[in-house]
Enquirer: 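This structure is in structure tokens; I'll ask about it shortly.
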Amino acid sequence: MGVGCELRAGPYLGEISALEFLPLPSHLSAFPLLLAGTGSELLLYDVESGKLINSVHIFEGVRVHGIVVIEVSSPDFSVSVFGERRIKLFRIRVETMSSIDVDLVIEIPRFDHWVLDLCFLKVEGWLAVGLSDNSIALWDVKKNSLVARVRSPERCLLYSMRLWGDDIDALHVASGTIYNEIIVWKLCQSQTSLMNEHSDPIASYVKDAELPQQQYSAVHLFRLTGHEGSIFRIAWSSDGSKLMSVSDDRSARIWIIGGPRSDCGERGEQGEDNGGHALVSHTLFGHNARIWDCYISDSIVITASEDCTCRVWGMNGRQLLMIREHTGRGIWRCVYDQSSSLLVTAGFDSSIKARLCCSPSVEDTSQPRGLSEIKGQTETFGICAPKMTKQLGLMNSKSEYIRCLHFTQDNVLYVATNNGHLYHVNFLNPGDVRWTELVQLSEEAPIICMDLLVIKSSENSELYLDKEDIIALGDGKGKVTVLRIINGDLSPKLVSCFTWPAEKERQLLGIFWCKSLGCKCVFTTNPGGILKLWKIDHALESDANKINVAQTVSLIAVFTSCFGARIMCLDVSIREEVLVCGDQRGNLAIFPMSEDLVVTNSAERLVEIPLLCRFKGAHGISSVTSVVIATSDFKQAEIRTTGGDGCICYFRCGANKENLEFIGMKQVKELSTVQSVVTKPTTSSEDFTEGNYAIGFTSADFIMWDLINETKTLQISCGGWRRPYSYHIGAVPEYQNCFAYVKDQTIYINRLWVQVQERQLFPKVLHMQYHGREVHSMCFISSCFSRKYHDAWIATGCEDGTVRLTRYMPFDMENWRGSKLLGEHVGGSAVRSICFISRIYKFSSGTTYNSTRENTIHASTDSNENQSLLISVGAKQVLTSWLLEDKEVVSKEDFDKGLESADISSPCLNGFSSISFRWLSTYMPPRFTSTHRTVKLPEINEERNNSTIKSFPISDSQTAGCSTQKSRDNQVDLMDNDWRYLAVTGFLVKHVDSRLTVCFVVVSCSDATLSLRALVLPCRLWFDVALLVPQTSPVLALQHVVVPVHAPYRDNKQIGFAYFIISGSTDGNITFWDVTEAVEYFMQLTSKHQAELLVDWQKRPQTGRGSQGGRWWRSSIRQFSGKTSQDALNSNESGNNIDGLTADTPLKALFLEGNNSMCTQASSQTRSSITNLLPERRVSILPLEMREVQPLHVLKSVHQSGVNCLHVSEMKGSLNSNSGVGYCLVSGGDDQALHCVGFYFTSQMTNVDLSHIQSTDSVQEDPPPLQCTGFCDNIITKHGVQILFQGGIASAHSSAVKGIWTDGIWAFSTGLDQRIRCWNIDHHGKLTEKVHLIISVPEPEALSAIKFGSVGDKYQIAVGGRGMQVVEFSSSPDED
């Protein structure tokens, strides 16, 4: 290590590789202490409280593979931890649960093979070490010396080994070989000669080893065959009579060792030296993938698999329980404690999940089993209405059957039937069910719909006897009946009942109460999407059985949806004065709802409420099932909806209530339809979007899904959501839930209602959940608020298509404070690259300005000045943008002051919701029906022209295929969409005279194309701007540089920016591209056509599920010509201007991706015209010409193979003033080399005659190039690249370099050799390694870094691959 430099390894966030229980005395805890190995760390958890007690760093760059408790003598415990070839012994002292010390006792020298298992032999005081060459090493713990090394006669490599026994005579070894066999053998004493110390490979690792005279030899017992795949894990029963094995063949087998001979089952091959034998007791099938781990006891068997399930089996081979709680590559480890029935699982997704699970005996396996947790307090019983018990045979039109159910508490249920009966059912226990008939409306008018509102008699009342039930019923005659019921000690009491006609016959389909309005008003709806608001507050005071109360019930408002579909749910916010309705076809409609409308006493005036705004296809074509309104930190209404597409969607309604914006979505893959989201009353979450539980259905099951922990809390087979059902959830949903459904005229009730203080709350998540697969890309989010306390937010993209935002706090024991799932790419396509864009460059023609950001940092959606974006790209050519939301408004002056006196333990940082991203837009290339549509590109001249950009006309159909053009052979197959994006970079440009901000994104594709695209904000329109050609090899890494341009004739004032792209490709070349002309040209067009672009295009992301928002509508492939569109616009009754889309706008060029329902202030007729006019997937807006950008400079064969990564930064003070700003570019490749290039950009300004330029009102076939000066003073600028120095290190890493970062002074690199190396860069580009560190991340794929601190150089370096780890680097000032 270099003097003055230090690398400190931080925590690893990734796969959990080892689990073990440490038994504790009963006075300390009812549960054992959990030991978990992750990366090179050992974690100690108090299961009862769910807290991390201690974290110990065990190895340097070696993962913990196993943990074994070798001695228990409270309060001291001896524990051995092994990984790869290393073993360490620790003493854990437990005096209290808050005071646990871990001390290193012995570090055993490194073995020559991997350690697979350990076993402590108490009699001899030796440690038996099982090694991967099928040998056993006996180690004397007290002397810290080797006793003997015994090899099995079966010399082969092993996948697994498990030892059993507490002395040398009882020691049995089970070895799982690579030949799909299990070899069982043991050790016995022999009189052979001394082992030759020098001939044993382990002798070189053990100094002064004194070997005893007595030696041991291996005795083969038997060979177990039958598996058809590699043996991944073996487990012994506590008495050694049973052996369990799991395999690559997706099966688990239970072997009986040394038992009586039997002809049934598969026989193991009997050994010659011993009379032992083995036979297969049971073979367990059920897993859909490889099985990684297993556990066996006297009563149950547990298996954990790659299919993300953990299954509990009885000893008779019958499955008792299936737990599906993890994501990604499966559950790697499981451990079970018989005394407390505690089951803990851990997997690739970094989560550790604990739950209580009963241990049923074999006799109990005949009882019905569920897939949820086995809880003894769960009640399942059926009840039947009194009049239905007499019905026999087939049903007819007059037969009575149940139409509606509604819970009010865990033991009270209201039942409505088709013959107009309403029952009150009280069931304190299954044997005591009391039915009370409250009312019969009419035998000829079946009850169609029912809703219930519970009113407390006092604010602090918690008893159900102090509450009133207000029930609204709608019947087939179109009448509404409202009942007021008081619950007495023995039976309910009907206080008032009144009826009035609300709709025509068979037109009343829904009735709704709203908690914010109380019992004063009720809503009714019909099939045509018409919603009526009735005022009934005085009618509730009337006497019971009062039928005609028309004079006290008044219709005060009518709301008409423009979609004409039945309203399924609604919510009202009096504070925000808004009503939100969701209909049967997945649409949302927003209406104004003032408080005056509700409190007014006038019933003479009926108000027709106009539509404020709408959102078409919020849940695709699936029904909206629930709507909830809340107020966000931005003083705007946030709306959460659930739907039949299995999604939870989030929207934001602007302050003027004229725009409904999609801001996020959570897809619950376990549910086919989500009915509602339940939040715990005790939750401390500040984020409205953080619901605790999703309630919904699969095809035939009722599911309650924990959204935070991603676990299934409840599953009940009920036949699906089309049957009458009802559910009631308590304060603790895991232990307080009721569900009732109807089947064969019987109401089946599943009830679990346990007081919280009676038992611990399980399941629990002890270690937070992360990506379930490999991380391919990552970047730090440089938020001012995030750096205030030296904490960091890291965005990561994963192989499973997810994008996460993870918070790292270096001064906390639990450094990883939360990992928030931002979203998922369409169809789960892998995320290959992400980039964070925070700086905005202003564009103006001939105007002097600066590019500094504003002094206030926040995330207001109405302000484009402070927009920061996250761009992610990946497989299937998916390009997704995310908008930063920093919910803390921090001025830079306050930030600088607060940084000096920052309290690291400030309680304001305990919440995770201070910074987040929300989905903004997704772009995917269009698909065509014809497989012969190709685009022939013009041949590219190898000679350099005066401009690096060429333009050519392109038709509507050609434009959509520009992202799949192959510059290698200048031919494109438009149907071939099996390409993926490999890299991305981008920058933001804002026109000073426009509301529009444009995010320019450069993406590289696996078909060797490099494209410049533009995302126009706030309207979220995507455009293809330019193609960077020629590019003969796929680009693996991208960077951009934005250089200020100064005018010498204006006293060297800044007049604009020049935009450059740097790419590294698989052929080892590094190429510089000048895209300034393309950017300036597009900004000119957006400035001219901003009125057309300001149409508010509503969109939501695709989900890959056919019935959701990503559904491809039948009209999506229909393309409209400019003439057809113009004729339709001219024929519209609203004139030539429809929401800013003018009739003379040329509708040709590029297409919009997304759902194009427009939310404007126009009439519904105008909206309908626009919807019919424009295709529902893509529409043409700008008269844009596709342009070609040729390379500015090419560095050939910088690397001998592909350029995997590159990074560029300024080099301040390294160049003389005449050269301008200098830059340092570092790159790494598959050739294990690092390369460093110093360069700067040159510019030459010349006069140009612009008299020949025509007006830009019409589309030109060959428009002149626009320079960054925007034709100011007839000046045109040409740019170049001047190389200052080139250097590198041929063998910087011992394997491929995967990630690199630099700030011009320091460079950090990582590679497949699992090391971070820190390099100092001098003024001549020479790289000098100062320090390196072995990291815990296997197969690193990405690296990012950020500087923090004011004293010296301090950096946080994040490495991603199979997990993520943060490393802190610091250097003294003299080192620079």
Side-chain angles (χ1 to χ4, degrees), residues 448-449 451 474 476 478 502-512 514 522-533 557-572 578-593 608-629 639-649 651 653 660 662 672-676 696 721-722 1098-1100 1105-1116 1155-1160 1162-1172 1176:
I448 303 300
C449 50
D451 199 9
E503 293 286 350
K504 297 179 181 180
E505 185 174 356
R506 297 184 179 180
Q507 293 297 303
L508 179 59
L509 296 183
I511 190 165
F512 308 100
C514 188
V522 66
F523 292 90
T524 61
T525 183
N526 65 6
I530 298 178
L531 190 70
K532 295 180 180 180
L533 177 62
V558 176
F559 308 85
T560 303
S561 171
C562 61
F563 299 107
R566 172 187 170 187
I567 302 298
M568 302 298 295
C569 54
L570 58 86
D571 194 18
V572 174
V578 65
L579 164 66
V580 183
C581 304
D583 64 24
Q584 196 174 18
R585 298 178 183 174
N587 308 309
L588 295 179
I590 314 297
F591 298 92
M593 187 72 179
E608 293 279 349
I609 306 298
L611 181 70
L612 277 179
C613 59
R614 65 175 186 169
F615 198 104
K616 183 179 180 182
H619 287 272
I621 59 175
S622 301
S623 174
V624 182
T625 55
S626 72
V627 175
V628 177
I629 305 175
I639 302 167
R640 179 182 64 205
T641 65
T642 62
D645 57 351
C647 293
I648 306 170
C649 297
F651 303 85
C653 192
L660 188 61
F662 182 94
S672 58
T673 174
V674 180
Q675 296 296 321
S676 65
W721 58 272
R722 298 184 182 275
Q1098 298 181 15
K1099 292 179 291 182
R1100 57 156 277 178
R1105 298 170 72 168
S1107 61
Q1108 300 177 12
R1111 185 180 181 97
W1112 287 78
W1113 303 83
R1114 292 184 177 180
S1115 59
S1116 63
N1155 190 359
N1156 300 342
S1157 307
M1158 287 173 284
C1159 174
T1160 63
S1163 64
S1164 60
Q1165 181 178 3
T1166 302
R1167 292 191 188 92
S1168 177
S1169 300
I1170 296 177
T1171 305
N1172 293 332
E1176 294 190 42

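Reckoned from all heavy atoms, side chains included, excluding hydrogens, waters and symmetry mates.
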Enquirer: Say whether Ser626 and Ser676, considering side chains only, have a donor N or O and an acceptor N or O under 3.5 Å apart.
Expert: no
Enquirer: Evaluate the side-chain proximity of Leu531 to Cys581: yes if any heavy-atom separation is below 4.5 Å, no if none is.
Expert: yes
Enquirer: Between Val578 and Ile590, is a side chain to side chain contact (heavy atoms under 4.5 Å, CB included) present by the stated rule, with each step listed?
Expert: CA-CA 7 Å; Val578 65; Ile590 314 297; 3.2 Å; yes
Enquirer: Can you give me the closest heavy-atom contact between Leu509 and Pro527, atom names plus distance?
Expert: CD1-CG, 3.4 Å
Enquirer: When rounded to the nearest 0.5 angstrom, what distance separates CG in Asn526 from CZ in Arg506?
Expert: 15.5 Å
Enquirer: Say you draw a straight line from CZ of Phe651 to SG of Cys613; how long is it, rounded to the nearest 0.5 Å?
Expert: 11.0 Å
Enquirer: Just one of Val572, Leu533, Thr525 clears the side-chain contact (heavy atoms from CB on, under 4.5 Å) bar with Phe512, so which one?
Expert: Thr525
Enquirer: Could you pull out the closest heavy-atom pair between Phe591 and Pro610, with the gap in Å?
Expert: CD2-O, 3.5 Å
Enquirer: Side chain of Ser561, backbone of Phe563: donor and acceptor closer than 3.5 Å?
Expert: yes
Enquirer: Could you give the distance from CG (Asn587) to CD1 (Ile567), rounded to the nearest 0.5 Å?
Expert: 9.0 Å
Enquirer: Might you work through the side chain to side chain contact (heavy atoms under 4.5 Å, CB included) test for Leu611 and Thr560, ending with a clear yes or no?
Expert: CA-CA 7 Å; Leu611 181 70; Thr560 303; over 6 Å; no
Enquirer: Are Leu588 and Thr641 side-chain neighbours, meaning at least one heavy-atom pair lies under 4.5 Å?
Expert: yes
Enquirer: Applying side chain to side chain contact (heavy atoms under 4.5 Å, CB included), run through Ile609 and Val558 and close with a yes or a no.
Expert: CA-CA 6 Å; Ile609 306 298; Val558 176; over 6 Å; no
Enquirer: Taking all atoms of both residues into account, what is the closest heavy-atom pair of Gly644 and Thr673, and its distance?
Expert: CA-OG1, 3.4 Å
Enquirer: When you measure from the side chain of Asp583 to the backbone of Ala565, do you find a donor-acceptor pair of N or O atoms at a distance under 3.5 Å?
Expert: no
Enquirer: Do the non-hydrogen side-chain atoms of Arg566 and Met568 ever get within less than 4.5 Å of each other?
Expert: yes
Enquirer: Determine the minimum heavy-atom distance between Val624 and Val627, stating which atoms define it.
Expert: CG1-CG2, 4.1 Å
Enquirer: Is the shortest heavy-atom distance from the side chain of Lys616 to the side chain of Arg585 under 4.5 Å?
Expert: no
Enquirer: Kindly give the heavy-atom pair with the smallest separation between Leu508 and Gly474, and that separation in Å.
Expert: CD2-CA, 3.5 Å
Enquirer: Taking it one step at a time, do Phe559 and Leu579 satisfy side chain to side chain contact (heavy atoms under 4.5 Å, CB included)?
Expert: CA-CA 10 Å; Phe559 308 85; Leu579 164 66; 3.8 Å; yes
Enquirer: Would you indicate whether the side-chain heavy atoms of Cys649 and Arg640 approach each other to under 4.5 Å?
Expert: no
Enquirer: With distance as the sole test, does Thr625 use its side chain to make a donor-acceptor pair with the main-chain N or O of Thr642 at under 3.5 Å?
Expert: yes
Enquirer: Using modelled atom types only, decide if a donor and an acceptor are shared between the side chain of Asp571 and the backbone of Ile629 within a distance under 3.5 Å.
Expert: yes
